[in-house]
Amino acid sequence: MLSILTIVLIYLLSGVAKAQENPLELKIHHATISVRNADSLSFWYVNTLGFKVLKTLANDERRLVMVGIPGFRIDLLQMKNSFRPAFQSVSAPKHTLTQGIRHLVFEPGNFDQTYDYLVSKGVVFFGQKPEGKPGTNQTIYFKDPEGNILELIKEH
């Protein structure tokens, strides 16, 4: 019978553990969302989701408002003559039928408290608040004021 130490050594030497490494030490730095109005949307991210405005840059062609929470930044980019294609106005989860990056996911410290807080701020969710049961994930979608789909998740 194999000992636990032997099983662990086989696992480590088999390459399975190596597949979980990050040899380039990549970290998520930020995401950019093309928006209709960077100022009004940054206000929403600050007052609804608790982000902070980090920096604002502007010229005749664009306005960029960088908002962030510890460990993550979103650049809200307002470009002259930008538009939202109709296919991006669908509801979750149908939005995942279109290829590409489809939504941002946030994991709150306390799912239920965050859900209730966002409801009090006027956020409308797709569906009912999921129950947190062992072995299942709590997950629910919502949109920011410009229609960008966001998600809350709590892995159990």
Once you round to the nearest 0.5 Å, how far does [atom1] of [X] lie from [atom2] of [Y]?
{"X": "T136", "Y": "E155", "atom1": "OG1", "atom2": "CD", "result": "11.0 Å"}
{"X": "I74", "Y": "T32", "atom1": "CD1", "atom2": "OG1", "result": "9.5 Å"}
{"X": "E151", "Y": "K143", "atom1": "CD", "atom2": "NZ", "result": "14.5 Å"}
{"X": "N137", "Y": "I153", "atom1": "CG", "atom2": "CD1", "result": "4.5 Å"}
{"X": "L41", "Y": "F51", "atom1": "CG", "atom2": "CZ", "result": "10.5 Å"}

Donor-acceptor pairs are to be reported for all side-chain atoms of residues 61-71 against protein atoms at under 3.5 Å, with residues two or more places apart or in another chain.
residue : atom : partner : partner atom : Å
R63     : NE   : D39     : OD1          : 2.9
R63     : NE   : D39     : OD2          : 2.9
R63     : NH2  : D39     : OD1          : 3.3

Flag the pair [X] / [Y] as yes when at least one side-chain heavy-atom distance between them is below 4.5 Å, and no otherwise.
{"X": "P130", "Y": "F111", "value": "yes"}
{"X": "L49", "Y": "L150", "value": "yes"}
{"X": "L77", "Y": "I33", "value": "no"}

Please identify each residue that fulfils salt bridge (Lys or Arg N to Asp or Glu O under 4.0 Å) with K129, with sequence neighbours left out.
D112, D116
Salt bridge (Lys or Arg N to Asp or Glu O under 4.0 Å) filter on D75, not counting sequence neighbours, yields R73
Given the rule in the side-chain contact (heavy atoms from CB on, under 4.5 Å) test, do T114 and L118 qualify, once you have shown the distances and angles that lead to the verdict?
CA-CA 6 Å; T114 301; L118 292 175; 4.0 Å; yes
Ignoring hydrogens and angles, state whether a donor on the side chain of N148 or R84 is under 3.5 Å from an acceptor on the partner side chain.
yes
Just to verify, what does [X] make a side chain to side chain donor-acceptor pair (under 3.5 Å) with, not counting sequence neighbours?
{"X": "T56", "answer": "none"}
{"X": "T48", "answer": "W44"}
{"X": "H156", "answer": "Q138"}
{"X": "Y45", "answer": "D144"}

ILVMFWY cluster, [X] and [Y] together (side-chain gap under 4.5 Å):
{"X": "F43", "Y": "V53", "result": "no"}
{"X": "V46", "Y": "L152", "result": "yes"}
{"X": "L76", "Y": "I28", "result": "yes"}
{"X": "V119", "Y": "F106", "result": "yes"}

[X] side-chain N/O to [Y] backbone N/O, donor-acceptor pair under 3.5 Å:
{"X": "K121", "Y": "N47", "answer": "yes"}
{"X": "Q78", "Y": "A38", "answer": "yes"}
{"X": "E146", "Y": "N37", "answer": "yes"}

Which pairs pass ring pair (Phe, Tyr, Trp, His ring centres under 6.0 Å) with one or both residues in residues 131-155, sequence neighbours excluded?
H95-Y141, H103-Y141, F125-F142
Going by side chain to side chain contact (heavy atoms under 4.5 Å, CB included), name the residues that satisfy it together with [X], two or more places apart in sequence or in a different chain.
{"X": "S82", "value": "S34, M79"}
{"X": "E25", "value": "none"}
{"X": "P134", "value": "none"}

Heavy atoms only: give me the nearest F72-A31 pair and the separation to one decimal.
CZ-CB, 3.9 Å
Other ILVMFWY residues reachable from L26 by side-chain steps of under 4.5 Å:
L24
